[in-house]
Peer 1: 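Pasting a structure here, questions to come.
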Amino acid sequence: MAGGLFSMEHPWVSAFGILGNIISFLVFLAPVPTFLRVYRKKSTEGFSSVPYVVALFSCTLWILYAVVKTNSSPLLTINAFGCVVEATYILLYLIYAPRAARLRALAFFFLLDVAALALIVVVVVVLVAEPHRVKVLGSICLAFSMAVFVAPLSVIFVVIRTKSAEFMPFTLSFFLTLSAVAWFLYGIFTKDPYVTLPNVGGFFFGCIQMVLYCCYRKPSASVVLPTTTDAAATEMELPLAAHQAVAPVLAELQKLEEAMGSPRKHGGVVKVV
């Protein structure tokens, strides 16, 4: 596919490339509410920077692949957008994270997004002959993408073990699955196995997450109203005015109990607050 995002010569390639861009655009913006909360509270609240550093590395890898391959405008545009978004998330994290978390995030960022990326660029550009660069770089992208798609296995195991889908949002799983379908079809029509194969894994794991969500999601908690049989709870709910209102009634009940020969000692006193 030559030229921009849309080509009349390859309408299906263009259609799925644009669809993949739109869905991936929404996926990249999914953490925005999280970082708005971080900005308002001026704290990262224990959130990890790892997903954003990994996502930035993935975007830069795919940009490099698109540049080397050429004629891959959909891959280039969405991953360029992803780089900007992920870099913004990382910057906000570094601003509001505590010192220890900030140092860990910086160390991981320089290790993966600077050192590892520089090593890959040097290897591909210097050591690999030009006819083989697409294959080598595509294999690296394929391996890393598969690793990213397999990463949710840890969340899947937690859901099964706890029988709760609290930590696996359905909406994100749904859009990730749609994104995998769009990019899988884009890879099919462009005959690009390095795009097609990792999205098979993405679709598979996305479907598993949605099925588990439906199986283990908890219904909305119902409100339980207090009953008259719970005397302790009822007494705690009564305000001072209510205690004063029932005091005469309690006094009359005590007199009635004494008149009927209750085993209670006559010197007993009922104290009313």
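Quantities reported herein were computed from a predicted structural model and do not represent experimental measurements.
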Peer 1: Are Phe47 and Tyr93 an aromatic pair, judged by ring center distance below 6.0 Å?
Peer 2: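 Between Tyr93 and Phe47, the centre distance exceeds or equals 6.0 Å.
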
Peer 1: Measuring from His132:NE2 to Leu127:CG, what's the distance to the nearest 0.5 Å?
Peer 2: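 Taking NE2 in His132 and CG in Leu127, the distance rounds to 13.5 Å.
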
Peer 1: I'd like to know whether CD of Glu130 has more than 12 heavy-atom contacts from other residues, nucleotides or ligands below 6.0 angstrom.
Peer 2: no

Peer 1: Does a sphere of radius 6.0 Å around NZ in Lys42 hold more than 12 heavy atoms from other residues, nucleotides or ligands, not counting ones at 6.0 Å or beyond?
Peer 2: yes

Peer 1: Hey, what do you get for CG (Leu212) to SG (Cys207), rounding to the nearest 0.5 Å?
Peer 2: 11.0 Å

Peer 1: Can you tell me how far apart CG (Leu142) and CG (Leu197) are? Round to the nearest 0.5 Å.
Peer 2: 5.5 Å

Peer 1: Start with the C-alpha distance between Asp192 and Tyr65, add both sets of side-chain angles, then the distance that settles side-chain contact (heavy atoms from CB on, under 4.5 Å), and finish with yes or no.
Peer 2: CA-CA 12 Å; Asp192 188 337; Tyr65 174 77; 2.7 Å; yes

Peer 1: Please name the residue in the list Leu19, Leu75, Thr196 that meets the side-chain contact (heavy atoms from CB on, under 4.5 Å) test with Tyr186.
Peer 2: Leu75

Peer 1: Of all heavy-atom pairs between Leu94 and Ala105, which one has the smallest distance, and what is that distance?
Peer 2: CD2-CB, 3.9 Å

Peer 1: side-chain contact (heavy atoms from CB on, under 4.5 Å), that's the test. Do Ser72 and Trp62 meet it? Break it down for me.
Peer 2: CA-CA 10 Å; Ser72 300; Trp62 283 109; over 6 Å; no

Peer 1: Minimum heavy-atom separation for Tyr216 and Lys163, please, with both atom names.
Peer 2: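 Heavy-atom minimum between the residues: CD2-CA, 3.5 Å.
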
Peer 1: Side chains of Lys135 and Tyr194: does their closest heavy-atom pair fall under 4.5 Å?
Peer 2: yes

Peer 1: Taking Val84 as the starting point, is it possible to reach Tyr39 by hopping between hydrophobic residues whose side chains are less than 4.5 Å apart?
Peer 2: no

Peer 1: Counting only heavy atoms not in Phe203, do more than 12 fall under 6.0 Å of its CZ?
Peer 2: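 Open: at most 12 neighbouring heavy atoms sit under 6.0 Å from CZ of Phe203.
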
Peer 1: Closest heavy-atom contact between Ala87 and Leu56?
Peer 2: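 Residues Ala87 and Leu56, closest heavy atoms: N-CD1, 4.4 Å.
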
Peer 1: To the closest 0.5 Å, what do you measure between CZ (Phe28) and CG (Asn21)?
Peer 2: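 With rounding to 0.5 Å, CZ (Phe28) is 9.5 Å from CG (Asn21).
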
Peer 1: Does any N or O in the side chain of Thr177 come within less than 3.5 Å of the main-chain N or O of Ser173, such that one atom is a donor and the other an acceptor?
Peer 2: yes

Peer 1: Can you tell me how far the CD1 atom of Ile95 sits from the OG1 atom of Thr44, to the nearest 0.5 Å?
Peer 2: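 So the CD1 of Ile95 and the OG1 of Thr44 are separated by 12.0 Å.
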
Peer 1: Would you say that Ser43 contacts Val38 through its side chain, given a criterion of any heavy-atom pair below 4.5 Å between the two side chains?
Peer 2: no

Peer 1: Using side-chain contact (heavy atoms from CB on, under 4.5 Å) as the criterion, point out the one residue from Phe109, Phe57, Tyr89 that pairs with Tyr52.
Peer 2: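 Considering Phe109, Phe57, Tyr89, a side-chain contact (heavy atoms from CB on, under 4.5 Å) with Tyr52 is found only for Tyr89.
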
Peer 1: Would a hydrophobic clustering, with Ile, Leu, Val, Met, Phe, Trp and Tyr connected at side-chain separations under 4.5 Å, put Phe174 with Val159?
Peer 2: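 Yes.
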
